[in-house]
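All heavy atoms count here, side chains included; hydrogens, waters and symmetry mates do not.
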Amino acid sequence: MIKAVRGTRDLLPPDTELWNFVDHKVREVFARYNYHEIRTPLFESTELFARGVGEETDIVSKEMFTWEDKARAASEKSQSLTLRPENTAGVVRSYIEHELGRSGLLQKLYYIGPQFRRERPQKGRYRQFYQIGAEVLGPPTAGSELPIRDAEILDMLTALLDAVGLQGWTLYLNSVGCLNCRPAYNQALREALAGVKDQLCADCQRRAETNPLRVLDCKIPADQPIIEKLPKIADYLDDDCRNHFAQVRAILDTLEVPYQINERMVRGLDYYTRTTFEFTHGELGAQSAVLGGGRYDGLSEQLGGPKAPGIGFAIGEDRLVLALQAQLAQALAPLKAFVIPLGAGMNRHALKLTRELRASGITADVGDESFRMKKSFETAEKLGAKFVVIVGENEVQASAFAVKNLKSGEQTTVPRAELTRFLED
Ligand code: HAM
């Protein structure tokens with residue numbers, strides 16, 4: 001049997017409904033923020049990614065699908081081509097090629113489509129995966145460098161996640177400085193690494209020489225205590241970068257966008273300057289980043305174009321859909337506890353206990369003191385509750401409740417303080 005290639009997968013109904021829902025919702029939000037769609041080719045010349053993303057990154061050094069494309073006619077040359085591992089380099093190439101900066105306005109572009117990286121497949125990590133991304137870039141006279149652009153894009157991200165209904169995300173924010181202040185930080189890192197390099201993994205030993213910033217990306221547990229003690233980038237930002245970051249944060253505070261500073265987040269691509277960010281989600285396990293992005297003020301020039309500072313992000317759509325599915329499953333989670341008020345005056349005690357259970361994450365429902373015991377149990381069974389919790393006069397006084405497992409029939413008295421843990425097991 002011929003199967004889908006490792007790291008690729010078929011998206012089938014009914015899952016495709018959710019994918020289409022997400023696409024539809026994000027297009028609406030992009031339109032409201034005055035973004036327009038760009039579609040760039042699925043493959044580009046290898047040099048674009050080598051120069052744009054960076055030779056020393058994991059993406060370029062080990063994850064790209066690259067092939068030598070043979071000439072088919074005397075007029076053609078053979079060339080090295082690569083399936084796009086990300087879309088920012090392609091968008092900036094297109095911006096340069098079509099002189100999109102000529103209007104003097106900001107270009108606000110979005111894309112939805114597949115990207116390719118030869119990573120080790122696991123939950124939330126595929127070799128063909130989908131990104132929903134956006135880039136805003138333009139000549140400095142259009143205000144492309146200003147902190148309001150950073151804040152606006154983060155504000156749009158909260159609107160995008162809201163529109164698809166994703167809850168429970170965390171935004172991590174950092175500034176990685178610029179071409180002016182990064183060399184001093186790199187130097188400080190190199191010096192600090194010189195003393196401890198031998199204790200680090202082989203990859204880090206190499207990066208310590210070639211691109212020390214990449215050491216901060218290392219995920220090897222044994223390396224972490226050493227990396228934690230390395231110099232922090234925040235201490236090396238020049239005045240302009242520090243000021244830029246402070247303004248971004250001030251606007252976010254006014255917009256009440258919640259974030260946490262993570263000084264180790266340098267991101268896995270070399271083009272970043274100043275603001276970098278990631279949104280994580282607890283349901284995703286090891287691959288917790290649902291999206292990532294940041295500013296890339298020098299990328300256009302690095303690719304031979306005009307000065308065109310910019311900022312953007314890409315949402316991993318596979319991961320967004322996984323998180324939404326987990327949320328949906330949780331919303332449909334079977335009832336954990338049915339609380340039974342036993343006798344007159346017990347409703348208020350029962351409802352208080354139910355509220356406590358719900359507040360600590362337990363799916364719970366509550367009966368009524370006018371129900372007979374038999375009716376209460378029948379209701380609990382019909383609702384598919386795993387446990388019933390009985391709240392009577394004695395229980396309230398003892399602050400311990402009779403809990404019955406409806407499947408096994410086992411009954412136990414559980415102190416109020418231990419109830420949540422007992423029901424969760
Ligand atoms: P990135 O962090 O490499 O950034 O990827 C962005 C998101 O794509 C990740 O947070 C993750 O959700 C998803 N992703 C990456 N690799 C995989 C994979 N193998 N399988 C599934 N999902 C994956 C970029 O790509 C930048 N171009 C983002 C950007 C735009 N920065 C500025 N503008």
Side-chain angles (χ1 to χ4, degrees), residues 14-15 17-18 21-22 25 123 158-159 161-171 256-258 260 279-285 288 290 320-425:
D15 289 359
E17 300 293 335
L18 189 50
F21 164 81
V22 168
K25 286 287 174 191
K123 182 186 162 201
T158 67
L161 297 181
D162 243 21
V164 298
L166 188 74
Q167 291 148 5
W169 47 261
T170 309
L171 158 59
E256 292 175 11
V257 173
Q260 289 180 31
F279 282 61
T280 63
H281 195 274
E283 284 298 334
L284 292 172
S288 65
V290 73
L320 177 60
V321 168
L322 273 175
L324 287 172
Q325 280 168 334
Q327 207 171 285
L328 227 60
Q330 228 170 39
L332 302 172
L335 191 62
K336 205 36 111 28
F338 186 72
V339 179
I340 301 180
L342 184 65
M346 286 301 119
N347 266 354
R348 59 205 174 99
H349 296 294
L351 192 54
K352 188 162 177 235
L353 183 75
T354 312
R355 184 177 70 178
E356 276 171 32
L357 296 177
R358 288 168 172 162
S360 50
I362 304 256
T363 323
D365 214 334
V366 60
D368 187 279
E369 62 189 31
S370 68
F371 289 4
R372 289 166 181 274
M373 199 59 146
K374 184 160 176 269
K375 177 168 177 186
S376 293
F377 268 86
E378 278 171 6
T379 310
E381 299 258 8
K382 273 194 205 150
L383 287 171
K386 188 167 176 204
F387 295 100
V388 297
V389 180
I390 295 168
V391 179
E393 188 83 48
N394 294 341
E395 279 85 359
V396 171
Q397 252 163 33
S399 204
F401 301 92
V403 178
K404 186 166 183 179
N405 183 323
L406 286 180
K407 232 193 219 139
S408 66
E410 206 179 322
Q411 187 160 327
T412 331
T413 303
V414 185
R416 190 176 204 123
E418 288 165 29
L419 198 53
T420 301
R421 203 166 350 121
F422 182 88
L423 296 176
E424 269 169 352
D425 282 346

>> Using the ring-ring contact (aromatic ring centres under 6.0 Å, His included) criterion, which residues pair with F387? Sequence neighbours excluded.
In response: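 F387 satisfies ring-ring contact (aromatic ring centres under 6.0 Å, His included) with F422 once adjacent residues are dropped.
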
> Listed by chain and number, what are the ring-ring contact (aromatic ring centres under 6.0 Å, His included) partners of F279, not counting sequence neighbours?
Replying inline: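 With sequence neighbours excluded, F279 shows a ring-ring contact (aromatic ring centres under 6.0 Å, His included) to W169, given in chain and number order.
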
> With S408, which residues qualify under side-chain contact (heavy atoms from CB on, under 4.5 Å), at least two apart?
Replying inline: N405, E410

From [X] [atom1] over to [Y] [atom2], what is the distance, rounded to the nearest 0.5 angstrom?
X	Y	atom1	atom2	answer
E369	L351	CD	CG	11.0 Å
H281	Q167	NE2	CD	8.0 Å
K386	I362	NZ	CD1	10.0 Å
L320	Q325	CG	CD	10.0 Å
Q397	H349	CD	NE2	9.0 Å
L322	L18	CG	CG	10.0 Å

For residues [X] and [Y], report the shortest heavy-atom separation together with the two atoms involved.
X	Y	answer
V366	R358	N-NH2, 4.4 Å
L166	A323	CD1-CB, 3.6 Å
G367	N347	O-OD1, 4.4 Å
V391	A350	CG1-N, 3.9 Å
V164	F21	O-CE2, 3.7 Å

>> Filter on ring-ring contact (aromatic ring centres under 6.0 Å, His included), then keep only pairs touching residues 364-386, sequence neighbours left out; what's left?
In response: none

Throw together a table of side-chain donor-acceptor distances under 3.5 angstrom for residues 411-420, partners on residues two or more places apart or in other chains.
from	atom 1	to	atom 2	distance (Å)
R416	NE	E356	OE1	3.1
R416	NE	E356	OE2	3.4
R416	NH2	E356	OE2	3.0
T420	OG1	S360	OG	3.3

With the side chain counted from C-beta on, respond yes when [X] and [Y] share a heavy-atom pair under 4.5 Å apart, and no when they do not.
X	Y	answer
L423	V403	yes
V389	E395	no
E283	Q327	no

Distance-only donor-acceptor pairs under 3.5 Å for side chains of residues 335-345, two or more places apart:
none

> Is a salt bridge present between K374 and E378, judged by a nitrogen-to-oxygen distance below 4.0 Å?
Replying inline: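 Looking at K374 and E378, the cut-off is met.
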
>> Does atom NZ (K375) have a neighbourhood of more than 12 heavy atoms from anything else shown, all under 6.0 Å?
In response: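 It does not: K375 NZ has 12 such atoms or fewer within range.
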
